[in-house]
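To start, the structure itself, in structure tokens.
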Amino acid sequence: MNNRQIINLTQRYVANTYARFPVALVWGKGARVWDADGKEYIDFVAGIAVNSLGHNHPAVARAIRQQAAKLLHVSNLYHIAPQSELARELCRRSFAQKVFFCNSGAEANEAAIKLARRYGAEWLGGKYEVLSTHNSFHGRTLATLTATGQEKVRAGYDPLPAGFRQVPYNDLRAMEEAIDEKTTAAVLVEPIQGEGGVVVPDKGYLQGLRELCDQREILLIFDEVQSGMGRTGKLFAYEHFGVEPDIMTLAKALGGGLPLGAMLAKEKVARSFVPGAHASTFGGNPLTCSVGLAVLKTLVQGGALKNCVKMGRVLFDGLQALKQRFRFIREVRGKGLLLGMELEQDGGKIVEDCLKAGLLINCAAHKVLRFIPPLIIGKKEIGQGLAILEKVLARQ
Ligand SMILES: *Cc1c(COP(=O)(O)O)cnc(C)c1O
């Protein structure tokens with residue numbers, strides 16, 4: 001099938017929830033993908049920060065093959081070796097002592113919210129409320145879209161569940177004033193906002209939130225669904241800020257392209273989950289966790305994380321150079337390979353023109369071009385991507 005035929009099928013049979021670009025991607029290798037008409041693209045989207053090891057990575061393909069030849073799925077009625085091993089590796093490398101596995105970012109946040117409520121019921125005299133921030137993104141389930149600070153995500157879904165409020169991001173004072181002595185159980189934030197337009201908070205913000213939560217004896221939850229697993233040049237973005245949460249959520253890159261999410265927690269909080277309190281049929285299954293282990297190993301021992309730091313600088317410098325040249329670029333920001341370029345105007349047209357010219361990028365919060373290539377990307381692909389972007393920008 002060519003692009004046109006695939007597009008026709010989608011339009012006829014697939015629910016109309018996505019505004020898609022008019023191409024079907026069918027093959028990939030490293031930081032390059034090809035569409036059904038054979039056209040090649042440099043991939044600065046990476047499945048929205050999912051394909052950290054790029055496409056067709058041998059370690060991922062091997063883990064899938066090997067595990068598929070053994071056992072794809074068993075129920076959590078039984079112990080699952082790759083799940084326990086992945087949990088151990090995540091705990092060893094983070095603040096956490098316990099992990100709950102699921103299949104997506106929304107589910108990971110759903111688990112975090114449920115754990116915060118159980119902890120609140122057990123230890124905080126029945127507090128339940130979760131405070132989050134404007135322009136945040138936490139997922140599309142009813143609870144997580146209610147925690148999400150964007151009207152467009154919530155429109156049409158009333159009545160929304162109770163127990164959520166938002167305050168401006170990077171505003172410590174607003175959070176302090178919003179914490180309700182009687183109801184607030186947790187603060188939920190992204191250490192760096194992704195969908196909100198790659199927003200890096202001031203250094204004191206996350207530290208301030210930590211102190212605030214300690215003083216009020218409530219929980220601090222970091223949503224690292226996008227920023228985690230090496231994306232920012234550290235395994236977890238919170239490491240940049242010297243602040244640890246009580247609960248953290250992961251997904252996107254965790255499964256190397258397979259659907260895998262996780263909620264990590266400190267022991268004293270995780271204890272509020274007891275048998276029957278929460279569950280997921282597919283969560284932590286042998287296949288996804290085997291791949292998760294291979295991904296983590298490749299990041300830490302295989303050099304992908306180091307490459308992210310190096311290539312992050314190369315891409316940042318390249319984008320910064322474009323900013324010098326084009327006056328309509330307001331700012332270049334981000335960490336590692338989670339980078340954004342804020343424009344004076346809407347970036348939709350630039351994204352479309354880049355696609356036509358062979359570069360995949362996307363736009364967050366209307367005016368911010370987002371650059372989230374695979375962490376294994378090389379200088380050559382970055383150079384090619386920047387050259388395309390420069391040509392497109394020059395035509396605006
Ligand atoms: C993508 C994302 C989610 C939602 O993940 P899904 O897997 O789509 O449910 C939640 N939080 C953040 C920060 C994200 O970037």
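When a ligand or atom number is given, it counts from 1 through the structure's own listing order. Residue numbers count from 1 along this sequence.
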Apply side chain to side chain contact (heavy atoms under 4.5 Å, CB included) to residues Cys91 and Val99 and explain how you reach the verdict. CA-CA 8 Å; Cys91 288; Val99 184; 3.7 Å; yes
What is the nearest protein non-hydrogen atom to [atom], stated with its residue, atom name and distance?
atom	value
atom 15 (O) of ligand 1	Lys252 NZ, 2.6 Å
atom 9 (O) of ligand 1	Ala106 N, 2.7 Å
atom 11 (N) of ligand 1	Asp223 OD2, 2.8 Å

Just by distance, with hydrogens left out, do [X] and [Y] show a side-chain donor and acceptor under 3.5 Å apart?
X	Y	answer
Arg370	Gln226	yes
Tyr41	Asp35	yes
Gln193	Thr133	yes

Which atoms from ligand 1 have a heavy atom of Ser104 less than 4.0 Å away? 7 (O), 9 (O)
Which atoms of ligand 1 have any heavy atom of Glu190 under 4.0 Å away?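 Every atom of ligand 1 under 4.0 Å from some heavy atom of Glu190: 13 (C).
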Checking side-chain contact (heavy atoms from CB on, under 4.5 Å) between Phe222 and each of Leu206, Val187, Asp246, which is the one that passes?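 The option that passes is Leu206.
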Compute the shortest N/O to N/O distance between [X] and ligand 1 and return yes if it is under 3.5 Å, no if not.
X	value
Phe137	yes
Gln226	yes
Gly105	yes

When you look at NZ of Lys39, are more than 12 heavy atoms from neighbouring residues, nucleotides or ligands closer to it than 6.0 Å?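 More than 12 heavy atoms, drawn from other residues, nucleotides or ligands, come within 6.0 Å of this atom.
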For Lys297, is the NZ atom crowded, meaning more than 12 foreign heavy atoms sit under 6.0 Å from it?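 No, NZ of Lys297 has 12 or fewer neighbouring heavy atoms, counting only those of other groups under 6.0 Å.
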Measure Asn109 to ligand 1 on non-hydrogen atoms and call it side chain, backbone, both or neither using the 4.0 Å cut-off. side chain
Proximity to ligand 1 by part of His138, non-hydrogen separation under 4.0 Å: backbone
